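Only one structure is covered here, and it is reproduced in the block below.
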Number of protein chains: 2
Amino acid sequence: MSIVTNGRLLYVAHPTGYQIPGVHTKYVVEEQIDLDKVDLDGGILVKTLTLSSDPYVRLRMRDPKVPSTFPHLTLGHPVENYGVGVVVRSEKAEFKPGDHVYGFFGFENYTVYPGPPERHHIMQFIQKLDRDPDIPTSVYVGTLGMPGQTAYAGLNAFVAEKAKTSKTLFVSAAAGPVGTYVIEYARHTNPHLKIIASAGSPEKLEILKQSGADVVFNYKTTDTAKVLAEHGPIDIYWDHDGGPVLDETLANMQHYGVIMRVGTNSGYNTERTGLKNLHAMVEKSLSMFGFIVGLGDVQQKALVNFRPDTTKLVLDGVIKIREKKYEELKAAGQALADVHRGQSLGKPVVIVAED
Amino acid sequence: MSIVTNGRLLYVAHPTGYQIPGVHTKYVVEEQIDLDKVDLDGGILVKTLTLSSDPYVRLRMRDPKVPSTFPHLTLGHPVENYGVGVVVRSEKAEFKPGDHVYGFFGFENYTVYPGPPERHHIMQFIQKLDRDPDIPTSVYVGTLGMPGQTAYAGLNAFVAEKAKTSKTLFVSAAAGPVGTYVIEYARHTNPHLKIIASAGSPEKLEILKQSGADVVFNYKTTDTAKVLAEHGPIDIYWDHDGGPVLDETLANMQHYGVIMRVGTNSGYNTERTGLKNLHAMVEKSLSMFGFIVGLGDVQQKALVNFRPDTTKLVLDGVIKIREKKYEELKAAGQALADVHRGQSLGKPVVIVAED
């Protein structure tokens, strides 16, 4: 029987602060899908295996009138984000049934790609995934997916040369998949660096130590300025904060330092605070690079060897896989919410179906 | 008779806000100097011709306990900044009487370089000036000095490639010697650019138009955000503000835009305001480069051709000379103060003596 229930996680209300499962997202099992007959309109039918929960998704959860780099999600339609799936049927020459694919998926058991225009799949992107048999599919939305790319592209495109002559690297809110990749990769490529890393719980500090950080501290209970004054000044700062920690670090940067900005944890859900120390940019001749992975020529070039390099580093155990698994699609709303509350130890992944 | 009165502008009190001539600096004529006999201790005796008033000098006027990139001035000793002079006597092989020199001078009629250690000539720097006979010495502390170098190094080291494919350049507080150099040089090298420039008075807007800006506006009476929304988005922002204008511009940057930070007008004398829009760095993949001219390898490389290039541009009339002349050393305190009050039309220079 080819008619199955297609569970979906719908986006149902714009959050003003933190998102709440059941309020802003809603898991429903009301749709039936005929796997043999559903109209593909030249596209492909994909069975979802793994979905990713990433902080930036919150930026897509907004009133469409608010401008942003990120296309908005559409009320009444499934949430959309990176996923890995397997092709069930294909009307595209480059895909055949059984192929693994990686790209932007609807949060549903089965998804038709690209699907109807009203679904607003604006971030249309899907590609065949040449996965390594020893690496689970979930890793391809984490260390081998966007978070890994963020770390790899940032380090290689903007600070590779700088790191060679630097003494210190500071990574804030470092226990997530980007932060630990940055630490492990920097430890591996530039063993001379003193790596300072912060996080918000003892369990996370343990992860930072395992990753190779030399100095770890809890930014909720320890004064960032004091730690940086003792162990700095900072040559390279990898910022996941964008708020008070960035401000304190600006004041503790070494001359000619480089600041990488890849996230704005302080501003996803709450009002942004003003920075007082940005004048250090001039006084210390600092450079600051903000980026969203995958956009821009500089990074694209830096990403050419990402998959082979990172696959080897993962298989060699240099970059370690740490996941928080959410079982089944019905847990996806919680996965999306938890990533903003510091609740996740490891990359949050939703295991929708076994491979 | 070789004994003359050596007028001096002494630094006598740390300002907490704006500096006031007679309060924080004091012109005195109490010192006699014997030009034939004063001990040079292996150095040179220089007759001061021109001294420069630059905004950054305010950062040197502080309690020595406050850390900064810039060495502090010392109470009871002359103010120190860029100047041009002529060698009277020399105990250094590389200088001979009659040579023009450029470097850091005490604010006095005659200065011994390097002078006694308690003078804290920490920014020790003096070099022979190979001046063009058609260009007045005062230009060598302006367009052919540090302000010109700032514009030239910033444009060539950080945005030369970017400018080729950019549509818009915005320069804030642009009527000073750096701002007009940036506009004129950009107009000359990248005529396709739409140049937007702001200043704080009708007279300054006139200067911006003469420099080649396409769109000019008074930031005191016109809403920056509105102008940038109409004429932006901005690909390259040359920031002389560091405060609210930077904040508005961050919100109006084009993706992959570049922000140059060479001054922090908003923060020299008053409390710094917090920025609310720095998250645009990430969302729009922006780069921001802060720098102090002359420090750092990247700029040093970019400055190699500065003097010949700029001399030609000045003689060709591409870069125009605009000066506000303060006659005699006794006016130097006012020159140092005015630069922070938006009182100067053109580069403030103190004409201490005729060449």
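Lettering of chains follows the sequences in order, A, B, ..., and the numbering in each one begins at 1. Only a predicted model underlies this, so the values are computations on that prediction, with no experimental measurement involved. Hydrogens, waters and symmetry mates are skipped; everything else that's a heavy atom, side chains included, is used.
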Checking heavy atoms, do the side chain of A:I259, its backbone, both or neither come under 4.5 Å from chain B?
neither

Closest heavy-atom contact between A:E283 and B:I292?
O-CD1, 3.2 Å

Step through it carefully: locate the ring centre of A:F289, locate the ring centre of B:F289, and say whether they are under 6.0 Å apart.
yes

Can you tell me how far CZ of A:R261 sits from CG of B:L278, rounded to the nearest 0.5 angstrom?
5.0 Å

Nearest-0.5 Å distance that lies between atom CE in B:M281 and atom CG in A:D239:
10.5 Å

